[in-house]
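Quick caveat, the model's predicted, so the values are computed rather than measured.
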Amino acid sequence: MSEEKSLNFIEEIIEEDLKNGKYKSILTRFPPEPNGYLHIGHAKSICLNFGLGIKYGGKTNLRFDDTNPVTEDTEYVDSIKDDIRWLGFEWANEFYASDYFDTLYEYAVKLIGKELAYVDDSSSDEIAALKGTPTEPGKDNRYRSRTIEENLQLFADMKAGKYQDGEKVLRAKIDMAHPNMLMRDPILYRIKHAHHHRTGDKWCIYPMYDFAHGQSDSIENITHSICTLEFIPHRELYDWLIEKLEIFPSHQYEFARLNMTYTVMSKRRLLQLVNEGHVTGWDDPRMPTISAFRRKGYTAAAIRDFCDRIGIAKRENFIDLSLLEFCLREDLNKTARRVMAVLDPVKLIIDNYEDGKVEELTTENGPDASMGTRIVPFSKELWIEREDFMEVPAKKWFRLAPGAMVRLKSAYIVQCDSFVKDGNGNITEIHCSYFPQTKSGMDDGSISVKGTIHWVSAAHAAEAEVRLYDRLFTMENPMDAEGDFKDTINPNSLEVIRAAYIEPSLTKARLDDRYQFIRKGYFCLDKDSTENKLVFNRTVTLKDAWAKEAKKG
RNA sequence: UGGGUUAUGGUGUAACGGCAGCACUACAGAUUUUGAUUCUGUCUGUCUAGGUUCGAAUCCUAGUAACCCAACCA
């Protein structure tokens, strides 16, 4: 008997609903507003909603909550669909709240007819003034007592375009003294003479979230409408409207949204980063958007695994970025092809190696033998990583240093004989001699070394631009910053290496390939690459035990 | 002088009155032709105070803390 994974609270509710026959099958939905790109927090919601559909043999709709035409755009619709598909999910139906505008209008008329809604001529400020505060009740205004007929006429006139933006609103008539602020006659419809990305200029009145979301759920017969914690106070209104409208009773359940270290997770703030040029766009690899993670080289499997591990609960959470990186490395370690690239090159010359000789050495593509092998050219002059040589070796150093020996990956063991410096004291050449009997695969075991370093043959190397990313913010929680969260932006979040040396096989890299540059991290080709210029993104570093050791001093 | 929600190691998440478990992180060690991977081990926890009970993270009472609610945003 294998151990059952424990259920989260929503799964418990669903299993109970299924068991007691409340529903024969479930229907969930993912309801993004098309006013920005999806981020990793949305991925949590997507995995939850679609995951539930799959787990319980139900279905999941994709529904765009497009009730505010001034902020919404088809660009966002397209990106959202791309991201969901890339994450690996299929929606049963693609719907839009705007599909229901006619029905929603009828619902509003019905509410007016039941004396449960009225047209209010107050300005935004006047409405706010009579709303009260969390600790003080609000007050009724004189428009509240309008007759059904008057309200019907006024509402029809609103729809007909007789009024300017902001001149009138339709409000539910509930209770201005209600302890829940959302029940103090919430606005249902407002006037916006704006072009809608789907309905065009047909409407000049648009329903508010509260008069669209629950109704859309109901129209679609959604059984479990799952949203984040901040909507808890809305649930009372959600249920009230369904009851008064006498429509299918969908139910709302709330879970805690994802928060993650070293990032911000609100569309508003992400939009700010884009608009103010702190990043190059929504898919800048430093962003926490799904498109950015994809561009940076993250895999959908890693993100799904992450969403699975963080769990679903109602308490506020603050997930360590390192958990996401763990999931990523775990996936990439199994699948990424190993290759060699030198990011910060220094020349290594093997003095006792024959001039002009080239050996084609065999090296493995990955730890799993099924990934096969390939050929890498080896010659007298190589590029190695500058940081793999220390003129005065540190304690526990087992890479190159004067007199020290290392293995060149898949090639020979070499010993450093001397080195050359330029006038500024920078090392320009490292001279070594090699030991023929230590050739990889034919090593006689006469010499053993602790360190193995990567290299690229200077004569055969190709050049590429490499972009190294670091966290976008310097503080674990940028929102804790004293001033603006943007004051904590990491000035070193992007380091561009104009000319790194890559092994010849990498010139055939494709956009979807995932590589491990041995000892340096995981990388992938960036979409900025051209025929003449390859650009690689660092997806994530490898764990680096030496960096820790070195820090100890 | 309002209403709502939540409190379990550094971070997440289990437990459904009966051994506080798992993962990440951190640390120590073994293996390693990647200081990666893999493997082994260690540290750290039930918000507080009372109560009920043979037995409480779980039930009760009273506190405390955090978060959400006063957009014609979603």
Side-chain angles (χ1 to χ4, degrees), chain A residues 3 5-8 12 31-33 35 65-68 70-72 120 122-124 127-129 131-138 165-171 177-184 187-192 206 208-210 212-213 227-236 254 256 261 267-268 309-327 329-330 333-334 338 340 363-364 367 396-399 406-411 413 438 440-441 443 448-454 516-521 541-550:
Chain A
E3 265 184 45
K5 201 194 167 205
S6 58
L7 303 177
N8 64 50
E12 279 177 1
E33 183 191 11
N35 68 345
D65 244 336
D66 55 351
T67 56
N68 186 3
V70 300
T71 57
E72 295 156 7
D120 191 335
S122 309
S123 70
S124 179
I127 289 177
K131 191 133 199 182
T133 69
T135 52
E136 302 161 47
D165 288 10
E167 231 179 294
K168 288 182 167 41
V169 291
L170 181 74
R171 290 229 255 169
H178 200 107
N180 180 349
M181 299 281 299
L182 280 158
M183 298 296 275
R184 320 236 265 229
I187 293 171
L188 268 20
Y189 265 93
R190 77 287 216 194
I191 300 169
K192 275 181 195 277
Y206 293 93
M208 296 285 288
Y209 166 84
D210 287 303
H213 195 98
C227 59
T228 46
L229 255 26
E230 65 270 28
F231 290 95
I232 289 177
H234 293 253
R235 190 176 61 229
E236 196 170 8
E254 312 87 7
T261 55
K267 274 196 267 187
R268 206 189 89 233
R309 284 172 190 261
I310 58 179
I312 299 294
K314 295 188 83 150
R315 67 188 92 101
E316 291 292 333
N317 58 82
F318 196 50
I319 310 276
D320 209 320
L321 179 63
S322 62
L323 179 60
L324 213 208
E325 294 186 338
F326 167 83
C327 295
R329 291 190 183 106
E330 188 169 68
N333 177 51
K334 287 183 294 200
R338 310 296 137 118
M340 293 198 281
T363 187
E364 66 276 9
K396 296 193 189 172
W397 177 260
F398 44 87
R399 302 179 194 171
V406 290
R407 166 158 312 267
L408 296 169
K409 172 73 182 171
S410 295
I413 289 174
T438 61
S440 196
D443 193 324
S448 70
V449 292
K450 275 188 113 170
T452 298
I453 65 172
H454 61 281
Q516 184 195 108
F517 290 3
I518 283 189
R519 302 206 308 136
K520 296 313 294 181
T541 60
L542 256 27
K543 284 223 237 170
D544 190 348
W546 170 248
K548 277 181 199 163
E549 187 64 39

Which part of the nucleic acid does A/Arg399 contact within heavy-atom distance under 4.0 Å: base, sugar-phosphate only, or nothing?
base

Which base sits across from B/U61 as a Watson-Crick or G-U pair, both distances under 3.5 Å?
B/A49

A/Thr67 side chain N/O closer than 4.0 Å to the phosphate oxygens (OP1, OP2) of B/A74?
yes

Using whole Å, report how far NE2 of A/His234 lies from P of B/G4.
16 Å

Taking only N and O in the side chain of A/Lys520, is any of them less than 4.0 Å away from OP1 or OP2 of B/A36?
no

Phosphate oxygens OP1/OP2 of B/A23: is one of them under 4.0 Å from a side-chain N or O of A/Arg309?
no

Nearest-angstrom distance, P atom, B/C24 to B/U37
12 Å

Given B/U13, is OP1 or OP2 found less than 4.0 Å from the side-chain N or O atoms of A/Arg315?
yes

Any ion pair linking A/Glu364 and A/Lys409 (charged N to carboxylate O, less than 4.0 Å)?
yes

If you assign A/Ser410 and A/Lys131 each to the RNA chain B nucleotide with the nearest heavy atom, which residue ends up on the more 5' nucleotide?
A/Ser410

Of the listed B/C72, B/U34, B/G12, the closest approach to the A/Asn317 side chain comes from B/G12

Choosing from B/A36, B/A74, B/G35, which nucleotide comes nearest the side chain of A/Arg519?
B/G35

Listed nucleotide nearest any side-chain atom of A/Leu542, set B/A14, B/U1, B/U34
B/U34

Starting the side chain at C-beta, find the nucleotide from B/C73, B/U25, B/G2 nearest to A/Met208.
B/C73

Between B/U33, B/C69, B/A74, which one does the side chain of A/Pro134 approach most closely?
B/C69

Regarding the side chain of A/Ala545, the nearest nucleotide among B/G35, B/A74, B/G2 is B/G35

In the strands shown, is B/C22 matched to any nucleotide by a Watson-Crick or G-U wobble pair with both distances under 3.5 Å, and which?
B/G12

Proximal nucleotide (of B/G35, B/A7, B/A70) relative to the A/Lys396 side chain
B/G35

Less than 4.0 angstrom between a side-chain N/O of A/Thr135 and OP1 or OP2 of B/U1, yes or no?
no

When the ring planes of A/His234 and A/Tyr209 are compared, do they come out parallel, tilted or perpendicular, using 30° and 60° as the limits?
perpendicular

When the C1' atoms of B/A70 and B/G4 are compared, how many Å lie between them, rounded to an integer?
15 Å

Across all strands, who's sitting opposite B/A66 as a Watson-Crick or G-U wobble pair, both distances under 3.5 Å?
B/U5

Taking B/G18 as the reference, what is the distance to B/A36 when you measure between their C1' atoms (whole Å, please)?
45 Å

In whole Å, measure the gap between the P atoms of B/U46 and B/A56 for me.
15 Å

What interatomic distance, in whole Å, is found between P of B/G12 and the corresponding atom of B/A7?
12 Å

When you match A/Pro179 and A/Leu408 each to their closest nucleotide on RNA chain B, which lands nearer the 5' end?
A/Pro179

Selected nucleotide, minimal atom distance to A/Phe398 side chain, candidates B/G35, B/C72, B/G2:
B/G35

How many whole angstroms separate atom NZ of A/Lys409 from atom P of B/A36?
14 Å

By the Watson-Crick or G-U definition, both distances under 3.5 Å, B/A28 is matched with B/U40

How would you label the contact of A/Thr452 with the nucleic acid (heavy atoms, under 4.0 Å): base, sugar-phosphate, or nothing?
sugar-phosphate

Under 4.0 Å, counting only non-hydrogen atoms across every strand here, what does A/Glu364 touch: a base, just sugar-phosphate, or nothing?
nothing

Candidates B/A14, B/C73, B/C24 - which lies nearest the side chain of A/Phe326
B/C24

Between B/U13, B/U34, B/U11, which nucleotide gets closest to the side-chain atoms of A/Ala313?
B/U13

